[in-house]
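The next block holds one structure in the form of structure tokens; read it before the comments.
Counting convention: from 1, in listed order, for ligands and their atoms alike. This chain uses plain numbering: 1 for the first residue, then up along the sequence.
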Amino acid sequence: MRSIVLNNKIIEYDLKHSSKKNVNIHIKPDMTLAVSAPRWVLKGELERILYNKSSWILTNLESQKRLLKENKTNILENGHVIWFMGEKYRLYYKQADKNFVCMVDDIIVVYTSRVDDLEYSKGVFLKWLKAMAAEEYTELIEKYRNKMLKKYHIPEVSLQVRAMKSRWGTCTPSKKKITLNLYLMFAPKEYIECIVLHELTHFLEIYHNEHFYSIMKEFMPKCKQYQRELNKEYSLISKNI
Ligand SMILES: [Zn+2]
């Protein structure tokens, strides 16, 4: 582990050499800074790059610290607080003959046939979450497609739900297909709606240009704000599971 002083704070970072041309910086879920750089970048040059990026680094470290403190990380372990559609729940695993999941008040109980095997039990929870997501997302796609159909042509789409690390959704217009991130289920409904609308809008405009956002705004005036808040508040969740 190397370290550098940025704005009077000692920041530790992990340096990896990569074959890519650029220096890449990101913050890992455990709050350490990961830097990857080509082998030929000298230490002084690397530190200069880190200095130039210091406000980005410090702001992001601060906000990740806050999210960790507020438990917005969804560590799927027994007794942990997790987020489900923007609400806090406590997650418990209990031994049972059959796998199933129950939600009572603010508790989610995962009944699992192998309670001592956390990876297995997490799988039971995630399988249930995927079924819930498929139902929720399908409903929201229908809702927004119907709204948009009054003015635009949007084809019937097929939905894929997938656990993704770095994107909330993707749209493949040629295949009439939308893929939505499973972990979007942890975020409040309005944020999920925002991504659904975003992907549907791609059937009318491929690029994230003014035209794109003017269409989105017709159906959700606060779409930009929601997208920003979603990334700020919930991006750590999807990276930490
Ligand atoms: Zn997009």
>> For Tyr93, is there any backbone N or O sitting under 3.5 Å from a side-chain donor or acceptor partner on Asn78?
In response: yes

>> Looking at Gln160 and Ile178, would you say the former's side chain and the latter's main chain have a donor-acceptor pair under 3.5 Å?
In response: no

> Taking only residues two or more places apart in sequence or in another chain, which ones pass ring pair (Phe, Tyr, Trp, His ring centres under 6.0 Å) with His211?
Replying inline: none

> Got a sec, which residues hit ring pair (Phe, Tyr, Trp, His ring centres under 6.0 Å) with Phe100, two or more places apart in sequence or on another chain?
Replying inline: Tyr111

> Quick check: does any side chain N or O of Tyr144 sit under 3.5 Å from a backbone N or O of His198, one acting as donor and the other as acceptor?
Replying inline: no

> So how many protein N, O or S atoms does the Zn ion (ligand 1) have within less than 2.8 Å?
Replying inline: 3

>> Under the salt bridge (Lys or Arg N to Asp or Glu O under 4.0 Å) definition, can you give me all pairs with a residue in residues 145-163, not counting sequence neighbours?
In response: Lys151-Glu218

